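Note that the structure is predicted; figures quoted are calculated from it, not measured. FYI, side chains are in, hydrogens and waters are out, and symmetry mates aren't considered; it's all heavy atoms of this structure. Chain letters run A, B, ... following the sequence lines, proteins first and then strands; every chain starts at 1.
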Amino acid sequence: MTTKGEQAADNLLKEHMNCAQSVLVTFCEDLGLDRSTALRLTMGFGGGEGHTGGTCGAVIGAYMVFGLQQELKLDMQPAKDKTVARIMEFSKRFREMHKSTLCPELLGYDIRIEEHFKSAVKDNAFVKKCSVFVKDAAELVEKMSNE
Amino acid sequence: MNKSEFAASCMTTQVTNCAQSVINAFVDELGIDRATALKLSLGFGGGMGHTGGTCGAVTAAYMVLGLKQDFDPASPKKNRDKLYALEQEFNKRFKKIYGTVNCTELLGHNLGTEEGAAAVKEKGLSAKLCPKFVATAVEIVEEMK
């Protein structure tokens with residue numbers, strides 16, 4: 001049986017999803033979100049929020065999962081507090097592994113800059129590096145969900 | 001009440017966080033039910049769950065722009081590049097008004113630190129500033145239709 005981490009990496013490498021799609025699609029159907037909506041929702045978060053130098057899409061996909069895991073009541077504050085606590089913990093652990101949650105720092109290229117983007121493609125960084133971030137993000141989500 | 005006024009009022013009354021306020025304003029046209037939209041954006045308030053990230057009004061605008069696109073699994077890159085271009089334009093327009101899309105920079109305090117969170121609370125900055133960011137994000141999304 002493939003693990004959630006392997007599924008997420010396969011989504012990136014074989015299905016050609018972006019990093020955010022790869023993570024959310026791994027978990028969405030268990031959380032009441034259909035695959036087609038999840039793909040559109042996360043479509044703009046690849047490459048650091050659509051190549052704007054932002055947070056890694058794999059991390060953002062994980063943050064969406066933490067929200068979807070909550071039960072929503074009229075008073076949303078308890079669910080919000082739980083989600084924020086999980087996000088802060090995830091961010092801490094992901095940074096322990098990869099030193100950052102930001103796309104340009106993780107990738108080693110700031111793909112807002114055309115030459116950086118070309119070098120990243122040439123070095124196969126989106127395959128080599130991003131598949132690891134996606135796998136680690138999905139594994140961490142799974143681990144934290146069981147804690 | 002138009003969409004941006006509605007989103008700002010949700011934020012002012014603190015019914016929803018910044019990200020939820022923006023996605024909630026568009027939810028009827030996105031093919032997603034309200035409860036799911038509110039849950040998935042739950043953690044994006046205060047710069048991605050107080051991690052010093054991008055403003056939730058901005059990330060929710062990216063969600064809305066994405067949900068408005070078609071996604072073709074057979075050609076996953078087709079609409080993606082178009083969407084990235086839309087987001088870069090959104091990013092540019094938002095920065096033109098506020099200078100940044102980062103929560104910490106917009107508020108002048110980092111919500112991820114105890115001192116930062118205390119200062120934001122004491123000065124009432126969420127109620128004072130965030131409804132404006134929310135209203136602007138909704139307006140830019142509408143302009144980009």
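- In this structure, no portion of B/Leu86 lies under 4.5 Å from any heavy atom of chain A.
- Proximity to chain B involves both the backbone and the side chain of A/Tyr63, based on heavy atoms less than 4.5 angstrom apart.
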Go through A/Met43 and B/Gln69 one step at a time and tell me if the side chain to side chain contact (heavy atoms under 4.5 Å, CB included) criterion holds.
-> CA-CA 9 Å; A/Met43 190 169 153; B/Gln69 307 301 315; 4.1 Å; yes

Check against side chain to side chain contact (heavy atoms under 4.5 Å, CB included), B/Thr51 and A/Thr101 | CA-CA 10 Å; B/Thr51 60; A/Thr101 56; over 6 Å; no

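- Minimum interatomic distance between B/Met48 and A/Ile60 (heavy atoms only, all atoms of both residues): CE-CD1, 3.7 Å.
- Looking at B/Asn79, both its backbone and its side chain come within 4.5 Å of chain A, counting heavy atoms on both sides.
- Atoms CD1 and CG, on B/Ile32 and A/Leu33 in that order, are 5.5 Å from each other to the nearest 0.5 Å.
- Of the atoms belonging to A/Glu15, it is backbone heavy atoms, and not side-chain ones, that fall under 4.5 Å from chain B.
- Shortest non-hydrogen contact noted between B/Gly43 and A/Thr83 is CA-CG2, 3.6 Å.
- Residue A/Leu24 does not touch chain B at all, counting heavy-atom pairs closer than 4.5 Å.
- Heavy atoms closer than 4.5 Å to chain A are found nowhere in B/Asn102, neither backbone nor side chain.
- In this structure the side chain of A/His16 never reaches within 4.5 angstrom of the side chain of B/Lys77, judged on heavy atoms.
- If you measure heavy-atom distances from A/Thr37 to chain B, the contacts under 4.5 Å come from both the backbone and the side chain.
- The minimum heavy-atom distance between A/Met88 and B/His50, with the atom names listed, is CE-O, 3.7 Å.
- Using a 4.5 Å cut-off between heavy atoms, B/Thr36 touches chain A through backbone and side chain atoms alike.
- Under the 3.5 Å distance criterion, the side-chain polar atoms of B/Glu87 are left unmatched by any main-chain donor or acceptor of A/Thr52.
- Most heavy-atom pairs under 4.5 Å with chain B: of the set A/Ala79, A/Ser36, A/Gly32, A/Gly47, this distinction falls to A/Ala79.
- Side chains of A/Glu49 and B/Thr59: a donor-acceptor N/O pair is absent below 3.5 angstrom, by distance only.
- Note: A/Met64 leads A/Met64, A/Gln70, A/Met76 in heavy-atom pairs under 4.5 Å with chain B.
- Contact annotation for A/Asn18: both backbone and side-chain heavy atoms come within less than 4.5 Å of a heavy atom of chain B.
- Of the atoms belonging to B/Leu83, it is side-chain heavy atoms, and not backbone ones, that fall under 4.5 Å from chain A.
- B/Leu67 touches chain A through backbone and side chain together, each having a heavy atom under 4.5 Å away.
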